[in-house]
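Counting convention: from 1, in listed order, for ligands and their atoms alike. Note that these values count all heavy atoms, side chains included, but never hydrogens, waters or copies made by symmetry. None of these values were measured; they are calculated from a predicted model.
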Amino acid sequence: MSTCKACCENNGSEKKRLRIAIQKSGRLTDETLKLFKDSGIKISSNKDHLLAHAENLPIDILRVRDDDIPGLVMDHVVDWGIVGQNVLEETTMQRELDGMYTGFNEVLKLNFGDCRLSIAVPTEDEWHGLADLEGKKIATTYPHLLRRVMKEAGVNFRSVLLTGSVEVAPRAGLADAICDLVCTGATLQSNGLKEVETIYTSKAVLIGRDQPLFPEKQAIANTIIERFKGVMSAVESRYIMMNAPKAKLEQIRAILPGAENPSIIELEGSTDRVALHAVSREKVFWETLEQLKALGATSILVVPIEKMLG
Ligand code: ATP
Ligand code: ZN
């Protein structure tokens, strides 16, 4: 990937090159880059370049703060963006208030960036429900998402807007509670807080501008969408192989998780046993293997799948 030398706007690339905004550096970055790599999109690891061209495909990558990604898509500056639903929804509400355009398409839900937006209070506080927060100060980076929930619950509160270190606010005397993103809950615990209410669950999504793309770009987009889907389904899928008694094939097929149309192959020198190969679209647990063995299957192999198409 080479750096952009201000060439992108004036050589017709707007019609041909798919421009994607991704988080420059943060919790979505590694997974996004891995998805690109696994999908065959080669991107340089030099994070200092705002815009870079993929080496092998007509794709440009714009590296920005995640908060800017929904706006870049809604303002039609980029074709696609990868962002958390939490940021997408919060930005949409802010832009609606500001009278700005909020149109976009959700192209694909991605299999990373899972987190939840939760309310947490000091561990020693009693908790009966959202009504406990009446008249209280709540620190958050997501005032609109919080306000929506509190409005529905009919609870009045004061929001303290913090864009970082939200979890220290109660201890620092800045707020009575917080509304922040949680993944494991460990950060809350180490700050003397307990999670009491989840108000929103989120994952990363691929969004696109709500306008048809130029045909050449649409063709690239379709290819990439198929590759992304292929990478994501390969993550969970396994290729299962075993030798099995013909008489037990029906029972064996019934317990294979998410397996479609297995291949049944004759085994040389055997009339009562066959080889069975199948792609399982779900995780394969030890219990399933033990059940297969109990049905007489032998040489059971479960192998990961690197790529999957169609
Ligand atoms: P930026 O500098 O780009 O503004 P940021 O500090 O706002 O970054 P990150 O903390 O990198 O954002 O999180 C980016 C997104 O990752 C979140 O908006 C959320 O969708 C997702 N995410 C996944 N897991 C977590 C988690 N444990 N805590 C916070 N966010 C998470
Ligand atoms: Zn951010």
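Nearest protein heavy-atom contact of atom 14 (C) of ligand 1 is D66 OD2, 3.4 Å. Among all protein heavy atoms, the one lying closest to atom 18 (O) of ligand 1 is N86 ND2, 3.0 Å. Distance from atom 8 (O) of ligand 1 to its nearest protein heavy atom, with residue and atom name: Q23 NE2, 2.9 Å. Scanning the protein heavy atoms around atom 2 (O) of ligand 1, the nearest turns out to be R65 NE, 3.5 Å.
Under the 3.5 Å distance criterion, the side-chain polar atoms of S39 are left unmatched by any main-chain donor or acceptor of I41. Between the S165 side chain and the V168 main chain, no donor and acceptor come within less than 3.5 Å of each other. Within the 3.5 Å criterion, the main-chain N or O of Q85 finds a donor-acceptor partner in the side chain of S202. Side chain of K194 to backbone of T123: a donor-acceptor contact under 3.5 angstrom is found. Of the possible donor and acceptor atoms, none in the side chain of E31 sits under 3.5 Å from a partner among the backbone N and O of F112.
For ligand 1, the polar-atom distance check against Q85 finds no nitrogen or oxygen pair separated by under 3.5 Å. Taking distance alone, with nitrogen or oxygen atoms compared against 3.5 Å, R27 approaches ligand 1 more closely than that limit.
When the options A186, C115, C183, S202 are ranked by their closest heavy atom to atom 19 (C) of ligand 1, first place goes to C115. The heavy atom nearest to atom 17 (C) of ligand 1, considering only V64, L181, L28, I22, is found in L181.
The shortest separation from a heavy atom of T141 to ligand 1 is not under 4.0 Å, leaving the residue out of contact.
Using modelled atom types, one finds no donor on one side chain facing an acceptor on the other under 3.5 Å when comparing T187 with E167. When only modelled atom types and interatomic distance are considered, N86 and E90 share no side-chain donor-acceptor pair under 3.5 Å.
In summary, the atoms of ligand 1 found under 4.0 Å from a heavy atom of Y142, numbered by their order in the structure, are 18 (O). In summary, the atoms of ligand 1 found under 4.0 Å from a heavy atom of G26, numbered by their order in the structure, are 11 (O). Ligand-side atoms of ligand 1 in range of G84: 20 (O), range being under 4.0 angstrom from any heavy atom. Heavy-atom contacts of G113 reach the following atoms of ligand 1: 23 (C) (cutoff under 4.0 Å). Every atom of ligand 1 with a heavy atom of V87 under 4.0 Å away is listed here by number and element: 18 (O). Each of the atoms 4 (O), 7 (O) of ligand 1 lies under 4.0 Å from some heavy atom of D67.
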Chi angles and distances behind the side chain to side chain contact (heavy atoms under 4.5 Å, CB included) call for T288, E282: CA-CA 12 Å; T288 308; E282 297 165 25; over 6 Å; no
Side chain to side chain contact (heavy atoms under 4.5 Å, CB included) between R227 and L57, worked out: CA-CA 13 Å; R227 288 192 188 181; L57 284 160; 3.9 Å; yes
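The pair K24-D68 does not meet the salt-bridge criterion, since no charged nitrogen lies less than 4.0 angstrom from a carboxylate oxygen. Ion pairing between a basic and an acidic side chain is recognised when a charged N comes within 4.0 Å of a carboxylate O; R209 and D79 show such pairing.
A heavy-atom distance below 4.5 Å is found between the side chains of V284 and P257. Residues V73 and L88 form no side-chain contact, since every pair of their non-hydrogen atoms from C-beta on lies 4.5 Å or further apart.
Protein heavy atoms are absent from the 4.0 Å sphere centred on atom 6 (O) of ligand 1.
Between F228 and F36, the ring planes lie parallel to each other; the angle is under 30°, not in the 30° to 60° tilted range.
Listed by chain and number, D66 OD1, D67 OD1 are the protein N/O/S atoms closer than 2.8 Å to the Zn ion (ligand 2), with waters left out.
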